[in-house]
Amino acid sequence: MVETLQVRQAGAVARLRLNRPEVHNAFDDGLIATLTAELRRLGDDASVRVVVLEAEGVSYSAGADLNWMRGMAKMSEAENRTDALALAGLMRTLDELPKPTIARVQGAAFGGGVGLVACCDIAIGVPEAKFGLTESKLGLLPAVISPYVINAIGPRQARRWFATAEIFDAAEALRIGLLHQVVAADALDAAVDRQIDLLLKAGPIATASAKSLVRDVVAHADGSRHDADNAALIARLRVSPEGQEGLGAFLDKRKPNWIAQ
């Protein structure tokens with residue numbers, strides 16, 4: 001039986017590869033459950049410092065599998081709610097994973113596939129990649145992935161793309177913030193590796209905590225609470241073993257102990 005998700009780990013880097021190229025890496029309930037479980041496992045694995053989410057074939061992810069959608073259309077509202085909550089669990093697990101994540105986008109991403117890209121901390125794609133939040137063509141909306149896509153592209157852009165279901169290219173994805181970088185296909189792996197190298201040179205706790213810091217700042221409207229929380233965070237980091245090692249290494253003009261000497 002072909003594995004729908006391939007998992008490879010080399011040192012501190014884990015790579016999760018969607019492996020349903022025959023259906024453009026669309027996901028069904030099985031893939032959602034497998035990917036969620038694997039992300040949770042990696043989140044708890046102290047040996048893993050970076051997670052790369054990639055895909056086999058010409059497409060990154062076409063979103064929901066058509067046969068799966070056909071089946072869900074025949075189910076009750078309660079059954080559809082349970083199903084949607086499983087997808088929501090996947091997206092939240094990816095978004096809040098306590099490890100930096102990189103989306104290696106080698107092809108088209110639609111619907112939930114855009115959600116996967118938006119949930120990753122760093123997203124790098126090729127010029128040929130296409131994107132679309134196409135649910136409104138079916139009389140639906142990208143409701144489950146909306147918090148992450150709106151965080152990535154902002155509410156103004158989301159109002160347009162959610163409503164029109166228009167397909168846009170990698171240049172537009174870069175402009176609106178869905179992608180951080182667009183590189184030629186033959187330079188994609190090098191661009192991903194560069195980000196991995198940068199992440200591995202940074203403090204493990206700092207990189208793992210970066211997304212929670214951003215999330216907390218965005219969530220808190222109270223400026224004075226921002227100041228107090230952020231002051232407490234930097235104080236905690238400065239006296240932590242990692243902070244002490246990083247500052248000491250900088251002052252001593254040496255590499256910190258998390259970088260191979």
Side-chain angles (χ1 to χ4, degrees), residues 1-10 12-69 71-72 79-125 129 131-135 142-149 151-152 178-179 192 195-196 208 211:
M1 184 174 180
V2 176
E3 293 181 332
T4 59
L5 182 69
Q6 296 178 339
V7 183
R8 295 181 296 142
Q9 184 174 346
V13 181
R15 294 177 181 268
L16 301 180
R17 176 167 288 221
L18 305 179
N19 190 34
R20 302 186 76 210
E22 70 283 358
V23 291
H24 298 276
N25 296 308
F27 38 76
D28 57 11
D29 52 351
L31 181 56
I32 288 171
T34 300
L35 182 53
T36 303
E38 194 58 36
L39 285 168
R40 287 174 178 164
R41 184 187 71 80
L42 294 173
D44 292 334
D45 187 341
S47 70
V48 174
R49 290 191 52 200
V50 180
V51 176
V52 179
L53 186 57
E54 54 191 27
E56 185 68 29
V58 299
S59 298
Y60 188 71
S61 176
D65 181 276
L66 291 178
N67 289 326
W68 176 46
M69 290 178 63
M72 293 314 301
E79 289 169 318
N80 271 277
R81 185 181 299 111
T82 299
D83 179 78
L85 283 172
L87 179 60
L90 166 60
M91 296 296 165
R92 187 160 298 282
T93 299
L94 178 58
D95 183 68
E96 297 182 358
L97 195 75
K99 310 288 171 72
T101 53
I102 302 173
R104 177 190 180 275
V105 187
Q106 92 297 355
F110 299 112
V114 174
L116 294 177
V117 176
C119 285
C120 286
D121 302 310
I122 301 169
I124 304 173
F131 302 87
L133 295 149
T134 54
E135 287 85 349
V144 170
I145 65 172
S146 62
Y148 315 105
V149 177
N151 271 342
L178 182 62
L179 292 178
V192 170
Q195 295 300 309
I196 292 172
K211 71 181 76 183

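The first residue in the sequence is number 1, and the count goes up from there.
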Answer with yes or no whether the side chains of Thr34 and Glu3 bring together a donor and an acceptor at under 3.5 Å.
->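 No, no side-chain donor-acceptor contact under 3.5 Å.
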
Expected output: side-chain [X] to main-chain [Y] donor-acceptor under 3.5 Å:
| X | Y | answer |
| --- | --- | --- |
| Lys99 | Leu42 | yes |
| Asp28 | Leu31 | yes |
| Arg20 | Ala26 | yes |

Sequence neighbours left out, what passes side chain to side chain donor-acceptor pair (under 3.5 Å) with Arg15? Give chain and number order.
->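 Expected list: Glu54, Asp193.
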
Quick one: [atom1] on [X] to [atom2] on [Y], what's the gap to the nearest 0.5 Å?
| X | Y | atom1 | atom2 | answer |
| --- | --- | --- | --- | --- |
| Leu5 | Ile32 | CG | CD1 | 12.5 Å |
| Cys120 | Lys211 | SG | NZ | 8.0 Å |
| Phe27 | Leu35 | CZ | CG | 9.0 Å |
| Leu18 | Leu53 | CG | CG | 5.5 Å |

Steps toward side-chain contact (heavy atoms from CB on, under 4.5 Å) verdict (Val149, Leu133) = CA-CA 10 Å; Val149 177; Leu133 295 149; 4.0 Å; yes

Show every donor-acceptor pair shorter than 3.5 Å between a side-chain atom in residues 101-115 and any protein atom, with sequence neighbours excluded, or say none if there are none.
unit_1	atom_1	unit_2	atom_2	d
Thr101	OG1	Asp121	N	3.0
Thr101	OG1	Asp121	OD2	3.2
Arg104	NE	Asp189	OD1	2.8
Arg104	NH2	Asp189	OD1	3.1
Gln106	NE2	Ala55	O	3.4
Gln106	NE2	Gly57	O	2.9
Gln106	NE2	Ser59	O	2.9

Contact between [X] and [Y] at the side-chain level, heavy atoms closer than 4.5 Å - yes or no?
| X | Y | result |
| --- | --- | --- |
| Thr36 | Arg40 | yes |
| Thr4 | Asn19 | no |
| Pro100 | Arg49 | no |
| Leu179 | Ile124 | no |

Which heavy-atom pair separates Asn25 from Ser61 by the least distance, and what is that distance?
->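 Minimum heavy-atom contact is O-OG, 3.0 Å.
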
How far apart are the closest heavy atoms of Ala123 and Val117, and which atoms are they?
->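 Between these two residues, the closest heavy atoms are CB-CG1, 3.7 Å.
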
Chi angles and distances behind the side-chain contact (heavy atoms from CB on, under 4.5 Å) call for Val48, Val51 | CA-CA 7 Å; Val48 174; Val51 176; 3.9 Å; yes

List, one per line, each side-chain donor-acceptor pair under 3.5 Å for residues 86-95, sequence neighbours excluded.
unit_1	atom_1	unit_2	atom_2	d
Arg92	NH1	Glu96	OE2	3.0
Arg92	NH2	Tyr148	OH	3.3
Thr93	OG1	Gly89	O	2.7

